[in-house]
Amino acid sequence: MTTAAPLTAVVTGASSGIGRATAARLAADGWRVLAVARRGDRLAHLASQTGCEVLEVDVTSDESVAALRARVDDLFGGRLNALVNIAGGALGVETVAEADLDKWQGMYDTNVLGAVRVTRELLPALRASERGDIVLLTSTAAQAAYEGGAGYNAAKAGEHMLADALRLELNGEPIRVIEVAPGMVRTEEFSLVRLGGDRAAADAVYDGVDRPLTAEDCADVIAYAVNAPHHVVLDLVTIRPLAQAANHKVARHRGL
Ligand SMILES: NC(=O)c1ccc[n+]([C@@H]2O[C@H](COP(=O)([O-])OP(=O)(O)OC[C@H]3O[C@@H](n4cnc5c(N)ncnc54)[C@H](OP(=O)(O)O)[C@@H]3O)[C@@H](O)[C@H]2O)c1
(Lines give C-alpha, C1' and ligand atoms only; values in the text may rest on other atoms or scores of the structure.)
Protein backbone atom coordinates (compact mmCIF):
# COMPACT_ATOMS: atom_id res chain seq x y z
CA MET A 1 0.00 0.00 0.00
CA THR A 2 1.36 3.46 -0.85
CA THR A 3 0.71 6.48 1.32
CA ALA A 4 0.02 9.79 -0.41
CA ALA A 5 2.76 12.38 0.11
CA PRO A 6 1.72 15.21 2.43
CA LEU A 7 0.51 18.41 0.80
CA THR A 8 2.94 21.33 0.91
CA ALA A 9 2.27 24.96 1.83
CA VAL A 10 4.03 28.29 2.16
CA VAL A 11 2.37 30.66 4.63
CA THR A 12 3.54 34.29 4.69
CA GLY A 13 3.02 36.55 7.71
CA ALA A 14 3.51 33.51 9.94
CA SER A 15 5.27 35.22 12.85
CA SER A 16 2.02 36.42 14.43
CA GLY A 17 -1.75 36.56 14.25
CA ILE A 18 -3.65 34.94 11.38
CA GLY A 19 -0.53 33.72 9.56
CA ARG A 20 0.85 32.03 12.64
CA ALA A 21 -2.50 30.36 13.38
CA THR A 22 -2.83 29.22 9.77
CA ALA A 23 0.67 27.72 9.65
CA ALA A 24 -0.01 25.88 12.92
CA ARG A 25 -3.41 24.68 11.72
CA LEU A 26 -2.15 23.34 8.38
CA ALA A 27 0.74 21.58 10.12
CA ALA A 28 -1.76 19.99 12.54
CA ASP A 29 -3.83 18.91 9.52
CA GLY A 30 -0.80 17.02 8.17
CA TRP A 31 0.54 19.54 5.66
CA ARG A 32 4.29 20.20 5.29
CA VAL A 33 4.44 23.91 6.01
CA LEU A 34 7.15 26.46 5.27
CA ALA A 35 6.24 29.43 7.48
CA VAL A 36 7.81 32.80 6.62
CA ALA A 37 8.03 36.35 7.97
CA ARG A 38 10.81 38.80 8.88
CA ARG A 39 11.22 38.04 12.60
CA GLY A 40 13.33 34.92 13.04
CA ASP A 41 12.91 34.62 16.81
CA ARG A 42 9.16 34.31 16.49
CA LEU A 43 9.50 31.86 13.62
CA ALA A 44 11.88 29.71 15.68
CA HIS A 45 9.25 29.53 18.42
CA LEU A 46 6.60 28.52 15.89
CA ALA A 47 8.91 25.83 14.50
CA SER A 48 9.54 24.38 17.96
CA GLN A 49 5.83 24.26 18.74
CA THR A 50 4.44 22.99 15.44
CA GLY A 51 7.20 21.34 13.41
CA CYS A 52 6.77 23.92 10.62
CA GLU A 53 9.86 24.67 8.55
CA VAL A 54 10.66 28.38 8.74
CA LEU A 55 12.54 31.02 6.76
CA GLU A 56 13.10 34.73 7.30
CA VAL A 57 11.54 36.45 4.29
CA ASP A 58 10.74 40.09 3.57
CA VAL A 59 7.99 40.12 0.94
CA THR A 60 9.08 43.59 -0.21
CA SER A 61 12.51 42.30 -1.29
CA ASP A 62 13.17 40.57 -4.64
CA GLU A 63 16.29 38.93 -3.23
CA SER A 64 14.52 37.60 -0.16
CA VAL A 65 11.64 36.17 -2.19
CA ALA A 66 14.10 34.56 -4.63
CA ALA A 67 15.65 32.81 -1.60
CA LEU A 68 12.15 31.62 -0.65
CA ARG A 69 11.76 30.07 -4.07
CA ALA A 70 15.11 28.30 -3.71
CA ARG A 71 14.01 26.92 -0.33
CA VAL A 72 10.75 25.62 -1.83
CA ASP A 73 12.77 23.89 -4.53
CA ASP A 74 15.06 22.28 -1.92
CA LEU A 75 12.45 21.37 0.63
CA PHE A 76 9.49 20.37 -1.52
CA GLY A 77 11.25 19.35 -4.75
CA GLY A 78 9.83 22.43 -6.46
CA ARG A 79 6.21 21.30 -5.99
CA LEU A 80 3.94 23.50 -3.91
CA ASN A 81 0.27 22.83 -3.18
CA ALA A 82 -0.70 26.06 -1.42
CA LEU A 83 0.64 29.57 -1.18
CA VAL A 84 -1.16 31.43 1.60
CA ASN A 85 -0.45 35.16 1.29
CA ILE A 86 -1.12 36.68 4.71
CA ALA A 87 1.78 39.12 5.23
CA GLY A 88 0.45 42.65 5.34
CA GLY A 89 -1.55 44.98 7.49
CA ALA A 90 -2.63 48.56 8.01
CA LEU A 91 -0.58 51.66 8.83
CA GLY A 92 -2.38 54.65 10.33
CA VAL A 93 -5.91 56.03 10.45
CA GLU A 94 -5.32 59.44 8.87
CA THR A 95 -7.99 61.01 6.70
CA VAL A 96 -7.20 61.67 3.04
CA ALA A 97 -6.69 65.34 3.92
CA GLU A 98 -3.94 64.29 6.35
CA ALA A 99 -2.62 61.36 4.30
CA ASP A 100 0.88 60.16 5.16
CA LEU A 101 2.15 58.94 1.80
CA ASP A 102 4.94 56.85 3.32
CA LYS A 103 2.29 54.80 5.12
CA TRP A 104 0.23 54.48 1.94
CA GLN A 105 3.34 53.31 0.12
CA GLY A 106 4.14 50.84 2.90
CA MET A 107 0.65 49.33 2.75
CA TYR A 108 0.82 49.00 -1.04
CA ASP A 109 4.29 47.49 -0.85
CA THR A 110 3.30 44.68 1.54
CA ASN A 111 -0.37 43.93 0.82
CA VAL A 112 -0.26 44.28 -2.97
CA LEU A 113 3.29 44.14 -4.33
CA GLY A 114 4.40 41.65 -1.66
CA ALA A 115 1.60 39.27 -2.61
CA VAL A 116 2.36 39.71 -6.33
CA ARG A 117 6.10 39.18 -5.83
CA VAL A 118 5.66 35.95 -3.85
CA THR A 119 2.92 34.65 -6.15
CA ARG A 120 4.96 35.31 -9.31
CA GLU A 121 8.01 33.60 -7.84
CA LEU A 122 6.14 30.52 -6.61
CA LEU A 123 3.75 30.06 -9.53
CA PRO A 124 6.07 27.57 -11.28
CA ALA A 125 6.08 25.39 -8.13
CA LEU A 126 2.29 25.63 -7.84
CA ARG A 127 1.96 24.59 -11.47
CA ALA A 128 4.43 21.73 -10.99
CA SER A 129 2.32 20.26 -8.14
CA GLU A 130 -0.74 19.92 -10.42
CA ARG A 131 -2.88 20.72 -7.34
CA GLY A 132 -2.25 24.29 -6.40
CA ASP A 133 -3.98 26.95 -4.31
CA ILE A 134 -3.27 30.65 -4.01
CA VAL A 135 -4.94 32.16 -0.96
CA LEU A 136 -5.07 35.94 -0.56
CA LEU A 137 -5.99 37.29 2.85
CA THR A 138 -7.66 40.60 2.04
CA SER A 139 -10.21 42.30 4.29
CA THR A 140 -13.69 43.75 4.43
CA ALA A 141 -11.69 46.98 4.04
CA ALA A 142 -11.43 45.94 0.37
CA GLN A 143 -15.21 46.01 0.06
CA ALA A 144 -16.30 49.28 1.68
CA ALA A 145 -14.47 52.48 2.55
CA TYR A 146 -14.49 54.07 5.98
CA GLU A 147 -13.23 57.38 7.35
CA GLY A 148 -9.53 57.14 8.12
CA GLY A 149 -9.28 53.92 6.14
CA ALA A 150 -8.58 55.08 2.58
CA GLY A 151 -4.94 53.94 2.42
CA TYR A 152 -5.79 50.48 3.75
CA ASN A 153 -9.03 50.36 1.72
CA ALA A 154 -7.04 51.10 -1.44
CA ALA A 155 -4.33 48.53 -0.70
CA LYS A 156 -6.74 45.73 0.18
CA ALA A 157 -9.00 46.59 -2.80
CA GLY A 158 -5.86 46.31 -4.94
CA GLU A 159 -5.13 42.90 -3.48
CA HIS A 160 -8.75 41.88 -4.17
CA MET A 161 -8.29 42.82 -7.84
CA LEU A 162 -5.11 40.76 -7.92
CA ALA A 163 -7.16 37.74 -6.82
CA ASP A 164 -9.84 38.36 -9.45
CA ALA A 165 -7.35 38.84 -12.30
CA LEU A 166 -5.31 35.79 -11.29
CA ARG A 167 -8.43 33.60 -11.24
CA LEU A 168 -9.17 34.59 -14.83
CA GLU A 169 -5.57 34.19 -15.96
CA LEU A 170 -5.23 30.73 -14.39
CA ASN A 171 -8.56 29.41 -15.66
CA GLY A 172 -8.04 25.93 -17.11
CA GLU A 173 -5.02 25.25 -14.88
CA PRO A 174 -5.24 23.19 -11.67
CA ILE A 175 -4.77 26.21 -9.39
CA ARG A 176 -7.55 27.64 -7.23
CA VAL A 177 -7.54 31.32 -6.27
CA ILE A 178 -9.21 31.81 -2.91
CA GLU A 179 -9.80 35.19 -1.28
CA VAL A 180 -10.59 35.33 2.43
CA ALA A 181 -11.83 38.72 3.64
CA PRO A 182 -12.21 39.05 7.40
CA GLY A 183 -13.83 41.90 9.28
CA MET A 184 -12.72 42.59 12.86
CA VAL A 185 -10.13 40.07 14.06
CA ARG A 186 -8.54 40.60 17.44
CA THR A 187 -4.90 39.66 16.90
CA GLU A 188 -1.98 40.61 19.09
CA GLU A 189 -0.38 43.09 16.71
CA PHE A 190 -2.70 44.30 13.91
CA SER A 191 -4.13 47.36 15.67
CA LEU A 192 -0.93 47.97 17.61
CA VAL A 193 1.02 48.22 14.35
CA ARG A 194 -1.71 50.31 12.72
CA LEU A 195 -1.77 52.76 15.62
CA GLY A 196 2.00 53.14 15.90
CA GLY A 197 2.39 51.07 19.08
CA ASP A 198 -0.28 52.90 21.15
CA ARG A 199 -1.54 50.05 23.35
CA ALA A 200 -4.53 51.93 24.82
CA ALA A 201 -5.76 53.01 21.37
CA ALA A 202 -5.25 49.47 20.04
CA ASP A 203 -7.28 47.95 22.90
CA ALA A 204 -10.04 50.54 22.37
CA VAL A 205 -10.67 49.18 18.85
CA TYR A 206 -12.21 46.06 20.43
CA ASP A 207 -13.75 47.79 23.44
CA GLY A 208 -17.15 46.32 24.36
CA VAL A 209 -17.27 44.06 21.28
CA ASP A 210 -18.63 40.62 22.09
CA ARG A 211 -16.13 38.10 20.69
CA PRO A 212 -14.27 39.66 17.78
CA LEU A 213 -12.98 37.01 15.39
CA THR A 214 -9.76 35.28 16.44
CA ALA A 215 -6.78 34.31 14.32
CA GLU A 216 -7.87 30.68 14.77
CA ASP A 217 -11.35 31.48 13.37
CA CYS A 218 -9.68 32.74 10.19
CA ALA A 219 -7.29 29.78 10.08
CA ASP A 220 -10.33 27.45 10.25
CA VAL A 221 -11.82 29.03 7.14
CA ILE A 222 -8.53 28.96 5.25
CA ALA A 223 -7.97 25.32 6.24
CA TYR A 224 -11.49 24.41 5.07
CA ALA A 225 -10.88 26.11 1.72
CA VAL A 226 -7.53 24.43 0.99
CA ASN A 227 -8.58 21.01 2.30
CA ALA A 228 -11.81 20.95 0.24
CA PRO A 229 -11.93 18.70 -2.85
CA HIS A 230 -9.90 20.48 -5.48
CA HIS A 231 -12.75 21.16 -7.90
CA VAL A 232 -14.54 23.17 -5.18
CA VAL A 233 -13.41 26.80 -5.06
CA LEU A 234 -14.29 29.26 -2.34
CA ASP A 235 -13.71 32.29 -4.57
CA LEU A 236 -14.36 34.89 -1.90
CA VAL A 237 -15.27 34.25 1.71
CA THR A 238 -16.23 37.22 3.87
CA ILE A 239 -16.15 36.53 7.61
CA ARG A 240 -17.20 38.87 10.38
CA PRO A 241 -17.93 38.49 14.06
CA LEU A 242 -21.63 38.39 14.88
CA ALA A 243 -21.29 41.79 16.57
CA GLN A 244 -20.18 43.45 13.32
CA ALA A 245 -22.74 44.07 10.58
CA ALA A 246 -20.47 46.30 8.48
CA ASN A 247 -17.07 47.96 8.89
CA HIS A 248 -18.71 50.94 10.59
CA LYS A 249 -21.58 49.08 12.29
CA VAL A 250 -20.32 47.31 15.41
CA ALA A 251 -22.45 46.51 18.46
CA ARG A 252 -20.58 47.62 21.58
CA HIS A 253 -21.72 46.87 25.10
CA ARG A 254 -20.14 49.08 27.72
CA GLY A 255 -19.30 47.48 31.05
CA LEU A 256 -19.17 43.93 29.70
N1 LIG B 1 -6.67 41.78 12.36
C2 LIG B 1 -7.65 42.19 11.57
O3 LIG B 1 -8.63 42.79 12.02
C4 LIG B 1 -7.60 41.89 10.09
C5 LIG B 1 -8.80 41.94 9.39
C6 LIG B 1 -8.79 41.69 8.02
C7 LIG B 1 -7.62 41.40 7.37
N8 LIG B 1 -6.45 41.36 8.08
C9 LIG B 1 -5.22 41.06 7.34
O10 LIG B 1 -4.73 39.82 7.80
C11 LIG B 1 -3.31 39.76 7.64
C12 LIG B 1 -2.69 39.37 8.96
O13 LIG B 1 -3.09 40.28 9.95
P14 LIG B 1 -2.96 39.98 11.50
O15 LIG B 1 -4.16 40.54 12.16
O16 LIG B 1 -2.59 38.59 11.73
O17 LIG B 1 -1.76 41.00 11.84
P18 LIG B 1 -0.30 40.81 12.46
O19 LIG B 1 -0.38 39.96 13.67
O20 LIG B 1 0.26 42.20 12.54
O21 LIG B 1 0.47 39.98 11.32
C22 LIG B 1 1.08 40.56 10.21
C23 LIG B 1 2.12 39.59 9.69
O24 LIG B 1 2.66 40.09 8.48
C25 LIG B 1 4.07 39.97 8.54
N26 LIG B 1 4.69 40.97 7.69
C27 LIG B 1 4.47 42.32 7.70
N28 LIG B 1 5.27 42.92 6.80
C29 LIG B 1 6.00 41.92 6.21
C30 LIG B 1 7.03 41.91 5.23
N31 LIG B 1 7.47 43.04 4.65
N32 LIG B 1 7.57 40.72 4.87
C33 LIG B 1 7.15 39.59 5.46
N34 LIG B 1 6.19 39.53 6.40
C35 LIG B 1 5.64 40.70 6.78
C36 LIG B 1 4.41 40.15 10.02
O37 LIG B 1 5.63 39.52 10.35
P38 LIG B 1 7.04 40.23 10.55
O39 LIG B 1 6.79 41.57 11.17
O40 LIG B 1 7.77 39.26 11.44
O41 LIG B 1 7.62 40.29 9.18
C42 LIG B 1 3.27 39.39 10.66
O43 LIG B 1 3.59 38.02 10.74
C44 LIG B 1 -2.88 41.13 7.11
O45 LIG B 1 -2.76 41.06 5.70
C46 LIG B 1 -4.06 42.03 7.49
O47 LIG B 1 -4.17 43.13 6.64
C48 LIG B 1 -6.41 41.58 9.43
Side-chain angles (χ1 to χ4, degrees), residues 10-25 34-46 52 54-65 67-68 83-93 103 105-118 121 135-144 146 149 151-160 162-163 179-197 202-203 205-206 209 211-219 221-222 236-241 243-244 247 250:
V10 166
V11 179
T12 73
S15 62
S16 66
I18 299 168
R20 187 183 198 290
T22 301
R25 170 60 189 271
L34 174 55
V36 308
R38 291 167 302 181
R39 287 171 294 173
D41 53 338
R42 287 177 153 260
L43 291 174
H45 188 243
L46 174 71
C52 288
V54 296
L55 183 68
E56 287 179 37
V57 173
D58 181 346
V59 300
T60 67
S61 154
D62 287 341
E63 196 185 4
S64 184
V65 173
L68 169 61
L83 164 60
V84 188
N85 286 295
I86 297 183
L91 297 172
V93 287
K103 291 180 182 172
Q105 185 72 56
M107 289 187 277
Y108 196 76
D109 285 347
T110 51
N111 295 288
V112 184
L113 299 186
V116 177
R117 183 176 287 105
V118 177
E121 200 71 18
V135 178
L136 293 138
L137 204 292
T138 62
S139 169
T140 54
Q143 302 170 2
Y146 52 92
Y152 188 52
N153 294 136
K156 284 304 195 187
E159 194 180 355
H160 162 73
L162 166 64
E179 178 182 351
V180 176
M184 181 186 281
V185 190
R186 185 167 198 166
T187 54
E188 47 193 317
E189 296 189 337
F190 176 82
S191 292
L192 202 59
V193 170
R194 180 172 207 171
L195 298 167
D203 287 346
V205 170
Y206 312 101
V209 179
R211 289 168 295 161
L213 294 176
T214 64
E216 288 72 22
D217 293 329
C218 298
V221 172
I222 294 167
L236 167 60
V237 187
T238 300
I239 19 172
R240 300 182 206 274
Q244 185 181 38
N247 290 347
V250 181

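When a ligand or atom number is given, it counts from 1 through the structure's own listing order. Keep in mind that the numbers below use all heavy atoms, side chains included, and drop hydrogens, waters and symmetry copies.
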Is a donor on one side and an acceptor on the other found under 3.5 Å between the side chain of Thr110 and the backbone of Gly106? yes
Any N or O of Asp58 closer than 3.5 Å to N or O of ligand 1: yes
Looking at ligand 1, does any of its N/O atoms fall within less than 3.5 Å of an N/O of Ile86? yes
Has ligand 1 got any nitrogen or oxygen that is less than 3.5 angstrom from a nitrogen or oxygen of Gly13? yes
Quick one: look at Thr138 and ligand 1, take heavy-atom pairs under 4.0 Å, and tell me if it's side chain, backbone, both or neither. backbone
Checking side-chain contact (heavy atoms from CB on, under 4.5 Å) between Val36 and each of Val54, Val11, Thr12, which is the one that passes? Thr12
Gly183 neighbourhood, listing ligand 1 atoms whose heavy-atom distance to it stays under 4.0 Å: 3 (O), 5 (C), 6 (C)
Output yes when the distance from some N or O of ligand 1 to some N or O of Met184 is under 3.5 Å, and no in every other case. no
Contact (N/O only, under 3.5 Å) between Arg38 and ligand 1: yes
With respect to Val118, which candidate in Leu113, Leu68, Val84 satisfies the side-chain contact (heavy atoms from CB on, under 4.5 Å) definition? Leu68
Kindly identify the option in Val180, Leu68, Leu136, Ile18 whose heavy atom sits closest to atom 13 (O) of ligand 1. Ile18
What do you reckon, does Val59 have a nitrogen or oxygen under 3.5 Å from a nitrogen or oxygen of ligand 1? yes
Run through Asp217, Val180, Val185 and flag the one making a side-chain contact (heavy atoms from CB on, under 4.5 Å) with Ile239. Val180
So CZ of Arg39 and CG of Asp58: to nearest 0.5 Å the spacing works out to 12.0 Å
Could you work out, for atom 1 (N) of ligand 1, the closest of Asn85, Asp109, Val185, Val118 by heavy-atom distance? Val185
With side chains defined as the heavy atoms from C-beta onward, is the minimum distance between Glu56 and Leu43 less than 4.5 Å? yes
Minimum distance, heavy atoms only, to atom 22 (C) of ligand 1: which one of Gly88, Gly106, Ala87 is it? Gly88
If we only count N/O pairs under 3.5 Å, is Tyr206 in contact with ligand 1? no
Using a 4.0 Å cut-off to any heavy atom of Thr187, which atoms of ligand 1 qualify? 1 (N), 14 (P), 15 (O), 16 (O), 17 (O)
Got a salt bridge between Glu189 and Arg20, using NZ or NE/NH1/NH2 to carboxylate O under 4.0 Å? no
Which residue and heavy atom of the protein sit nearest atom 33 (C) of ligand 1, plus the separation: Val57 O, 3.2 Å
Is there a polar contact between ligand 1 and Tyr152, counting only N or O atoms under 3.5 Å apart? yes
Any nitrogen or oxygen of Ser139, side chain or backbone, less than 3.5 Å from one on ligand 1? no
Quick one: which ligand 1 atoms are inside 4.0 Å of a heavy atom on Glu189? 19 (O), 20 (O)
Looking at Lys156, which atoms of ligand 1 are within less than 4.0 Å of one of its heavy atoms? 45 (O), 47 (O)
Among protein heavy atoms, which sits nearest to atom 37 (O) of ligand 1, and what does the distance come to when rounded to 0.1 Å? Ser15 OG, 2.8 Å
To which of Ala35, Gly17, Ser16, Pro212 does the heavy atom nearest atom 21 (O) of ligand 1 belong? Ser16
Is any side-chain heavy atom of Ser15 less than 4.5 Å from a side-chain heavy atom of Asp41? no
